[in-house]
Amino acid sequence: MIDIPLNRVVPLGREMDYVRQAVESGFVMGGGPFTERCEKLLQDCLDVPRALLTTSCTDALEMMALLLNLEPGDEVIVPSFTFPSTANAFALRGCVPVFADILPDTLNLDAADVEACITPRTRLIVAMHYAGIPCDMDALHAISTRHGIPMVEDNAHGLFGRHDGRPLGSFGSLASLSFHETKNFSCGEGGALLINDPALIERAEIIREKGTNRLQFMRGEVRKYTWVDFGSSYLPSEMLAAFLFGQLEAHALIQERRRHVWNRYRTELGDWARSHEVQLPFVPESAVPAFHLFHLLFPSPDARLAVETHLRSQGIYAVTHYQPLHLSDMGRRFTGEGRSLPVTESSFNRLLRLPFYTSLDDSAQDRVIAAVRAFSV
Ligand SMILES: *Cc1c(COP(=O)(O)O)cnc(C)c1O
């Protein structure tokens with residue numbers, strides 16, 4: 001029986017009070033006071049001109065494709081080592097995902113390989129900050145500027161992480177966040193679109209509201225609202241925003257807890273990792289990580305599987321990810337037997353994520369640490 005899961009959502013602040021408040025107020029559709037409070041908090045903390053809550057990170061990525069007017073045949077450079085939505089949101093509009101390789105230390109986009117993927121049809125570069133550890137934003141920004149190709153961030157892992165003192169999510173013209181159950185802050189299913197290019201704000205509000213100017217109407221800026229553009233239903237309900245606000249409001253406490261868990265793994269597993277040739281997460285000097293997950297990189301897939309199985313037998317749930325997108329059934333439709341991505345291909349199978357969540361207490365974590373250390377090849 002599994003008694004230490006990979007992940008768990010526990011209310012830590014006033015989440016339940018706020019949900020009750022939202023329900024009792026009678027305003028439960030989207031766009032009410034809790035939505036506004038979440039958005040204002042994100043804008044203030046991340047120094048972005050506009051944040052829009054969305055129904056998921058996937059939906060925020062879909063909104064990017066609409067906002068940037070991407071068209072069938074446009075090429076979008078994405079890491080292969082990521083969740084499918086990073087590519088799917090663009091594929092949905094007929095774009096061709098072009099998969100770039102990652103660096104062996106951070107497992108983030110390899111800027112040199114990104115540059116090698118650029119063709120006359122390239123329209124966008126999507127950076128994803130794996131585990132909440134920043135990509136080399138200086139190198140990616142330089143490439144984006146040199147080639148005149150916009151960059152956006154899939155920041156599902158990176159909320160409250162920083163590169164050179166600047167919040168992740170404030171680098172791309174657009175960035176997405178996820179509030180899925182598995183992320184640092186959660187309302188079950190949810191997300192946000194961060195808009196750093198002010199020229200995109202008005203249309204983003206319309207796209208989120210089924211292609212109508214309903215938000216302008218609610219602000220009293222127009223007398224009636226009508227269908228003015230493409231759009232879909234990307235606005236979460238106030239019940240979800242209320243729960244989320246309880247989480248976001250407690251961000252200092254939540255991030256401090258996660259930093260504690262993360263640091264303990266790194267300290268307590270340091271000697272064991274060195275003697276077993278296991279690579280622990282690498283944090284560049286310029287980075288403040290977002291403490292999203294903690295992973296081990298084993299010398300071989302067999303060693304990873306052995307530890308995974310051993311932990312499972314102790315009631316501890318640890319998993320590997322991501323199946324590289326360029327090797328997936330769907331990815332192959334775009335790449336055929338295309339070029340190989342050596343670092344991605346050699347890494348994913350050797351990676352194990354340890355249980356990691358805000359409420360993981362020291363004694364449960366001690367059990368995980370002891371079980372890992374008990375393993376020797
Ligand atoms: C979780 C995740 C997503 C999808 O988030 P949803 O909110 O579930 O749509 C997208 N990209 C990455 C990198 C993720 O980890």
Side-chain angles (χ1 to χ4, degrees), residues 6-9 30 35 38 42 51-66 76-92 95 97 99-100 102 106-109 124-135 137 140 151-161 168-169 171-172 174-194 208 232-237 240-241 243-244 247-248 258 281 289-295 319-326 328 330-331 344 347-348 351 353 356-357:
L6 184 67
N7 176 72
R8 177 178 274 160
V9 177
T35 304
C38 289
L42 292 171
L52 296 177
L53 285 198
T54 59
T55 30
S56 67
C57 176
T58 304
D59 285 340
L61 291 161
E62 287 182 20
M63 287 180 68
M64 289 184 193
L66 287 165
V76 177
I77 300 176
V78 298
S80 171
F81 185 68
T82 182
F83 188 76
S85 296
T86 315
N88 190 69
F90 301 99
L92 200 56
C95 300
F99 301 108
I102 49 175
T106 57
L107 307 181
N108 278 327
L109 272 181
L124 188 67
I125 299 166
V126 188
M128 194 281 271
H129 309 289
Y130 179 68
I133 294 170
C135 294
M137 295 314 281
L140 290 174
M151 176 174 57
V152 297
E153 298 166 79
D154 177 347
N155 196 26
H157 296 191
L159 178 53
F160 298 123
L168 300 184
F171 288 87
L174 298 162
S176 61
L177 296 175
S178 175
F179 303 118
H180 183 261
E181 176 185 305
T182 51
K183 302 306 197 293
N184 292 25
F185 302 86
S186 176
C187 56
E189 301 273 1
L193 179 67
L194 308 177
R208 184 178 64 164
S232 191
S233 184
Y234 293 132
L235 178 67
S237 89
L240 292 176
F243 191 93
L244 182 64
Q247 296 251 299
L248 290 178
R258 300 183 75 97
F291 308 110
H292 172 51
L293 57 82
F294 194 92
H295 64 280
V319 298
T320 185
H321 77 170
Y322 290 105
Q323 153 86 341
L325 299 184
H326 74 291
S328 68
M330 186 65 185
T344 301
S347 304
F348 80 99
L351 186 145
R353 291 173 62 184
F356 194 100
Y357 43 91

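In this text the structure is predicted, and so the values were computed from the model without any measurement. Remember, it's 1-based here, ligands and their atoms both numbered in the order they're listed.
The aromatic rings of His157 and Tyr130 sit tilted, their planes meeting at an angle between 30° and 60°.
Neither the backbone nor the side chain of Tyr130 comes within 4.0 Å of ligand 1, counting heavy atoms alone. For Ala156, every heavy-atom contact with ligand 1 shorter than 4.0 Å involves the side chain, none the backbone.
Applying the side chain to side chain contact (heavy atoms under 4.5 Å, CB included) test to Leu66 and every residue at least two apart in sequence or in another chain returns Arg93, Ile207, Tyr234. Every residue two or more places apart in sequence or in another chain that forms a side chain to side chain contact (heavy atoms under 4.5 Å, CB included) with Asn184 is listed here: Gln255, Arg258, His292.
Less than 4.0 angstrom separates some heavy atom of Met128 from each of these atoms of ligand 1: 13 (C). For ligand 1 and Thr82, the ligand atoms under 4.0 Å from any heavy atom of the residue are 13 (C). Taking every heavy atom of Cys57 and a limit of under 4.0 angstrom, the matching atoms of ligand 1 come to 4 (C), 5 (O), 6 (P), 7 (O), 9 (O), 10 (C).
What sits closest to atom 2 (C) of ligand 1 on the protein, heavy atoms only, is Lys183 NZ, 3.0 Å. Here the heavy atom of the protein found nearest to atom 11 (N) of ligand 1 is Asp154 OD2, 2.8 Å. Looking only at heavy atoms of the protein, atom 3 (C) of ligand 1 is closest to Phe83 CD2, 3.7 Å. The nearest heavy-atom contact from the protein to atom 15 (O) of ligand 1 is His157 NE2, 2.8 Å. Looking from atom 9 (O) of ligand 1 to the surrounding protein, the closest heavy atom is Thr58 OG1, 2.5 Å.
Counted by atom type alone, Thr86 and Asp154 present one or more donor-acceptor pairs between their side chains at under 3.5 Å.
In this structure, the side chain of Ser80 engages the main chain of Leu325 through a donor-acceptor pair within 3.5 Å. Side chain of Arg208 to backbone of Leu53: a donor-acceptor contact under 3.5 angstrom is found. In this structure a side-chain-to-backbone donor-acceptor pair under 3.5 Å is present from Glu153 to Gly172.
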- Task: Please step through side chain to side chain donor-acceptor pair (under 3.5 Å) for the pair Ser178 and His180, ending with a clear verdict.
- Result: CA-CA 6 Å; Ser178 175; His180 183 261; 5.4 Å; no
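With values rounded to the nearest 0.5 angstrom, Phe99 atom CZ is found 11.5 Å from Ile77 atom CD1.
At least one heavy atom of Tyr322 sits closer than 4.0 Å to an atom of ligand 1. Residue-ligand proximity: Gly190 is placed with a non-hydrogen atom under 4.0 Å from ligand 1.
At least one N or O atom of Ser178, backbone or side chain, sits closer than 3.5 Å to an N or O atom of ligand 1.
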